[in-house]
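Just below is one structure, and these are the notes that go with it.
Remember, it's 1-based here, ligands and their atoms both numbered in the order they're listed. Reckoned from all heavy atoms, side chains included, excluding hydrogens, waters and symmetry mates.
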Amino acid sequence: MTPRPLRLGVNIDHVATIRNARGGRHPDPVRAALLAAEAGADGITAHLREDRRHISDRDIERLAAEIRLPLNLEMAATPEMLQIALRHRPHAACLVPEKRTEVTTEGGLDAVGGAAHLARYVEELGAAGIRVSLFLDPEKAQLDAAKRLGAPVVELHTGAYCEAEGAAREAELARLVEAAAHAEAIGLECHAGHGLGFDTVGRVAAIPTIVELNIGHFLVGEAIFIGLDAAIRRMRALMDEARAGPARRA
Ligand code: PXP
């Protein structure tokens with residue numbers, strides 16, 4: 001069977017992190033998004049955080065106006081972010097948990113315990129024609145809750161897999177495989193992301209029911225050494241190779 005296509009969403013948050021270290025305009029995340037499109041990205045992802053530590057409101061405005069690729073807006077489920085999403089109408093919105101003190105998104109949303117809070121966001125974004133996804137830890141109960149909420153897409157948090165080593169990493173991979181199969185079984189489109197790099201992307205890309213990966217920090221970091229274009233092209237090639245499977249690679 002031909003494997004399903006696997007999309008690459010390039011997250012450009014940390015281009016803005018570097019820009020913000022000095023203020024000013026360089027490096028410009030919109031320029032990075034345009035370059036990512038040339039290098040083989042299928043979409044651009046940006047997280048407008050409540051504290052605006054990297055992506056700014058103006059960046060979102062410019063991305064919505066200037067890029068051709070679908071824009072995936074990562075956002076906390078807050079009234080302010082909902083208003084911004086409804087104003088710019090990105091192709092997709094990924095609801096993520098957000099804590100002011102965290103360095104990055106530490107875990108998935110609690111779609112089980114937070115269902116009553118999340119319902120309004122899933123509904124209003126969906127009604128505006130924005131494809132909603134929920135960023136979740138790979139747990140069946142969380143996926144079931146996403147389904148009950150009416151979200152069409154889930155994004156599995158791959159951070160624990162990327163950080164683990166040895167047997168623990170195998171166990172985390174098994175959780176991802178099982179959750180991705182469960183997503184398919186209950187009719188959810190399945191994405192994955194967080195912490196992926198050249199050494200971890202292959203086995204996640206090989207999970208056949210995952211159809212999109214969102215990758216940012218590693219690509220921007222690697223760009224320092226080999227350039228953003230080369231980093232994205234290599235990531236794309238590793239994804240495609242893993243997706244093709246061992247038989248086709250041989
Ligand atoms: N997916 C989601 C929902 C995220 O919050 C992030 C981090 O912003 C990513 C993917 C990308 O993670 P990383 O920058 O570690 O590749």
Side-chain angles (χ1 to χ4, degrees), residues 6-18 20 29 32-33 36 41-55 59-60 63 70-78 81 85 90-100 102-111 118 121 125 130-138 142-143 146 151 153-164 172 176 179-180 183 189-202 204-205 210-224 228 231-232 234-236 238-239:
L6 178 62
R7 299 189 297 267
L8 169 60
V10 171
N11 180 314
I12 52 164
D13 291 350
H14 297 299
V15 177
T17 302
I18 298 170
N20 296 357
D42 300 293
I44 298 300
T45 295
H47 184 177
L48 184 65
R49 293 187 71 103
E50 195 188 359
D51 62 9
R52 309 302 198 269
R53 70 174 71 155
H54 37 57
I55 293 292
D59 291 331
I60 295 296
L63 287 166
L71 176 64
N72 174 32
L73 175 67
E74 289 179 3
M75 55 178 271
T78 63
M81 289 301 151
H91 167 76
C94 180
L95 295 176
V96 299
E98 209 176 286
K99 292 186 217 137
R100 269 185 186 269
E102 70 189 357
V103 175
T104 182
T105 315
E106 284 168 356
L109 277 174
D110 181 4
L118 292 170
Y121 294 91
L125 291 165
I130 299 167
R131 189 198 68 191
V132 185
S133 73
L134 302 186
F135 188 45
L136 301 174
D137 290 324
Q142 293 294 343
L143 272 60
V153 180
V154 289
E155 179 165 329
L156 302 179
H157 196 309
T158 52
Y161 165 69
C162 294
E163 280 165 27
E172 289 298 337
L176 290 169
E189 181 172 315
C190 190
H191 302 174
H194 207 282
L196 293 167
F198 291 157
D199 61 337
T200 47
V201 76
V204 178
I210 291 178
V211 297
E212 180 175 311
L213 300 181
N214 284 299
I215 308 178
H217 183 268
F218 179 87
L219 290 172
V220 175
E222 194 62 15
I224 292 169
L228 188 57
I232 294 170
R234 174 132 181 80
M235 188 63 83
R236 175 88 257 174
L238 290 168
M239 284 167 57

Is Glu155 in polar range of ligand 1, meaning some N or O pair under 3.5 Å apart?
yes

So is there a nitrogen or oxygen of Gly195 less than 3.5 Å from a nitrogen or oxygen in ligand 1?
yes

Any side-chain heavy atom of Leu156 sitting closer than 4.5 Å to one from Leu143?
yes

State whether the shortest distance between N or O atoms of Gly216 and N or O atoms of ligand 1 falls below 3.5 angstrom.
yes

Could you tell me, atom by atom, which parts of ligand 1 come under 4.0 Å of a heavy atom of Phe135?
2 (C), 3 (C)

Indicate the atoms forming the closest heavy-atom contact of Tyr161 with Thr200, along with that distance.
CE2-O, 3.6 Å

Counting each atom of ligand 1 from 1 as listed, which ones have a heavy atom of Ile215 under 4.0 Å away?
16 (O)

Would one find an N or O of Asn214, backbone or side chain, under 3.5 Å from an N or O of ligand 1?
no

Consider every N or O of His47 and every N or O of ligand 1, then say whether any pair is closer than 3.5 Å.
no

Any donor-acceptor pair under 3.5 Å linking the side-chain atoms of Asn72 with those of Thr45?
yes

Check the orientation of His157 and Phe135. Use parallel for under 30°, tilted for 30 to 60°, and perpendicular for over 60°.
parallel

At under 4.0 Å between heavy atoms, what of His157 touches ligand 1? The answer is neither

As an exercise, identify every atom of ligand 1 less than 4.0 angstrom from a heavy atom of Asn11.
8 (O)

Distance (rounded to the nearest 0.5 Å) between Leu213 CG and Leu238 CG
11.5 Å

Please give me the minimum heavy-atom distance between Ala46 and Ile60, naming the atom from each residue.
CB-CD1, 4.1 Å

Record the part of Asp13 in heavy-atom contact with ligand 1 below 4.0 Å; permitted values are side chain, backbone, both and neither.
side chain

Ala76 versus Glu98, closest heavy-atom pair with distance
CB-OE1, 3.7 Å

For ligand 1, which atoms have a heavy atom of Val96 less than 4.0 angstrom away?
3 (C)

Check Val154, Leu95, Val96 against Leu136 for a side chain to side chain contact (heavy atoms under 4.5 Å, CB included) and give me the one that passes.
Val154

